[in-house]
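Data block below; observations after.
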Amino acid sequence: MITSEELKLYNRQIILPELGLAGQEKLKAARVLMIGAGGLGCPVLQYLVAAGVGHVGILDDDTVDISNLHRQILYSITDIGKPKAETAKQKLELLNPFVELTAYNERLSADNAERLINKYDLVIDGSDNFTTRYLVNDTCVALNKPLVFGSIFKFEGQVSVFNYQEGPNYRDLFPEPPPENEVPNCDEIGVIGVLPGIIGTYMANETIKIICGIGETLSGKLFNMNALDNSMSVYQIARQKQTIATSVTANQASAHDREISMETLTNWLAENPDEIYLIDVRETYEFDDYNIGGVNIPLYELQESASIIPADKKLVFICQTGQRSKIALQWTQPYLKNEKYSSKL
């Protein structure tokens, strides 16, 4: 039951006809697990606890570092060296004493994933590595748990909802992970401090809509935004016929198989320049600063630019790290039938 004090606390959202008292009761009964209490986890946790989600688990084995503070604003300078999960729990208890919080000072692994995730109705993934993302996804699929996903990259962010109401899961978007040594992280490439706040707020919003059964979620869609130029796009995600932890079929080469080195690309361009259509998927300012030729079509403009891409040439997507070019391979699969590859500068 909602107490009189809770009615006062949640009044401004309870009076929304779309949510109401019934929605608030659903929030109070919900059990949500937050994977990661870092850049994305902080705003997600703050807004969900403030909204009155009744049971919230916080899983993170890291400690607070001074380099975290520009974006993980749940913490302060006095928290440096403290475990994130337990510190987040203590701070969130001050925000809302009516929410039950559980801190897990451990890393998600194959040994504990099923045990931990099975305790909750819904999982939110704010992790920063592909190993964890695939483990979270596969466990949620196996246990039939909806998953709210978010990721950040420099100035860019993504949000989606997976495994919800028979919708697609993460492997439908990215069938298999890239090699770990080719994936940059915030320590290597940086991130603007406000970005996880923006993306984390979207993730919290999706979570509330799922719990309350209101609005339209991002199930089957990938929301993308760029904080540098305020561009936003939503891409449809097709559900693939595949089983968990299996590779794509033989006639559909994996993204990893279609990665080529700069040396290979240089040879292709030298030997058969008329057969190659090189697309630099970085932002315009990055392309202007340095490029090796080709056309510049930023990643989020690929779909709307499909009509200018010749259908009779071999496509090679390129970017600085190879990450965006590999995403381009996946996104263009439904509407560009060319032979396609990815590379990095």
Side-chain angles (χ1 to χ4, degrees), residues 151-160 172-175 178 182-184 189-192 195 198-199 218 220-238 248 252-345:
S151 68
I152 53 175
F153 181 87
K154 296 174 68 174
F155 294 94
E156 303 169 18
Q158 303 176 343
V159 183
S160 190
D172 291 309
L173 180 61
F174 301 117
E182 295 186 11
V183 180
I189 61 169
V191 62
I192 189 71
L195 181 62
I198 298 169
I199 297 301
L218 286 169
K221 302 172 185 176
L222 182 69
F223 168 81
N224 306 271
M225 67 87 60
N226 187 313
L228 206 57
D229 60 12
N230 290 314
S231 60
M232 297 184 186
S233 303
V234 177
Y235 295 88
Q236 299 295 320
I237 304 172
V248 291
Q252 194 176 16
S254 72
H256 179 56
D257 291 337
R258 286 175 281 155
E259 295 171 33
I260 61 172
S261 67
M262 177 55 69
E263 181 181 3
T264 298
L265 175 57
T266 302
N267 290 337
W268 284 4
L269 291 171
E271 295 168 2
N272 300 294
D274 294 335
E275 296 180 8
I276 307 298
Y277 196 75
L278 179 64
I279 303 177
D280 192 317
V281 295
R282 296 175 300 158
E283 296 302 311
T284 301
Y285 70 92
E286 295 175 279
F287 181 82
D288 291 342
D289 184 56
Y290 171 73
N291 67 81
I292 62 167
V295 297
N296 176 219
I297 306 177
L299 180 63
Y300 301 136
E301 298 176 16
L302 272 175
Q303 190 165 17
E304 61 194 63
S305 303
S307 61
I308 70 171
I309 299 174
D312 59 345
K313 293 193 176 185
K314 184 186 298 184
L315 303 184
V316 178
F317 300 107
I318 193 167
C319 67
Q320 187 68 39
T321 64
Q323 180 65 12
R324 280 174 283 181
S325 61
K326 282 181 281 191
I327 292 174
L329 281 178
Q330 298 292 337
W331 284 354
T332 58
Q333 196 65 30
Y335 60 89
L336 292 179
K337 302 307 179 183
N338 311 59
E339 185 179 346
K340 296 186 286 291
Y341 298 87
S342 72
S343 188
K344 63 180 178 180
L345 295 169

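Bear in mind that the values here come from a model prediction, so they are computed numbers and not experimental data.
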Are any of the side-chain heavy atoms of [X] and [Y] separated by less than 4.5 Å?
{"X": "Lys314", "Y": "Asn272", "value": "no"}
{"X": "Met262", "Y": "Leu345", "value": "yes"}
{"X": "Ile237", "Y": "Ser160", "value": "yes"}
{"X": "Lys221", "Y": "Gln236", "value": "yes"}
{"X": "Asn338", "Y": "Tyr277", "value": "no"}
{"X": "Leu222", "Y": "Leu173", "value": "yes"}

Nearest-0.5 Å distance that lies between atom [atom1] in [X] and atom [atom2] in [Y]:
{"X": "Leu278", "Y": "Lys313", "atom1": "CG", "atom2": "NZ", "value": "11.0 Å"}
{"X": "Phe317", "Y": "Thr332", "atom1": "CZ", "atom2": "OG1", "value": "4.0 Å"}
{"X": "Ile192", "Y": "Glu156", "atom1": "CD1", "atom2": "CD", "value": "13.0 Å"}
{"X": "Ile198", "Y": "Phe155", "atom1": "CD1", "atom2": "CZ", "value": "11.0 Å"}
{"X": "Asp280", "Y": "Leu299", "atom1": "CG", "atom2": "CG", "value": "11.0 Å"}
{"X": "Leu302", "Y": "Leu315", "atom1": "CG", "atom2": "CG", "value": "9.5 Å"}

### Task
Apply the side-chain contact (heavy atoms from CB on, under 4.5 Å) test between Ile260 and each candidate in Thr266, Asn267, Leu265; give the one that qualifies.
Leu265
### Summary
Between Ile297 and the options Ile309, Thr284, Val281, the side-chain contact (heavy atoms from CB on, under 4.5 Å) test singles out Ile309
On a heavy-atom basis, which atom in [X] and which in [Y] lie closest, and how many Å separate them?
{"X": "Ile199", "Y": "Met225", "result": "CD1-CG, 3.7 Å"}
{"X": "Leu195", "Y": "Ala227", "result": "CD1-CB, 4.3 Å"}
{"X": "Lys326", "Y": "Glu259", "result": "CD-OE2, 3.3 Å"}
{"X": "Arg258", "Y": "Leu329", "result": "NH1-CD2, 3.8 Å"}

### Query
Given Tyr341 and Ser343, is the side-chain contact (heavy atoms from CB on, under 4.5 Å) satisfied, shown in steps?
CA-CA 7 Å; Tyr341 298 87; Ser343 188; over 6 Å; no
### Message
Looking at Glu286 and Lys154, is there a salt bridge between them, counting it only when a charged N and a carboxylate O are closer than 4.0 Å?
### Response
yes
### Message
Assess the residue pair Asn226 and Glu283 against the criterion (side-chain contact (heavy atoms from CB on, under 4.5 Å)); give the C-alpha distance rounded to whole Å, side-chain angles, the decisive distance to 0.1 Å, and a yes or no.
### Response
CA-CA 10 Å; Asn226 187 313; Glu283 296 302 311; 3.4 Å; yes
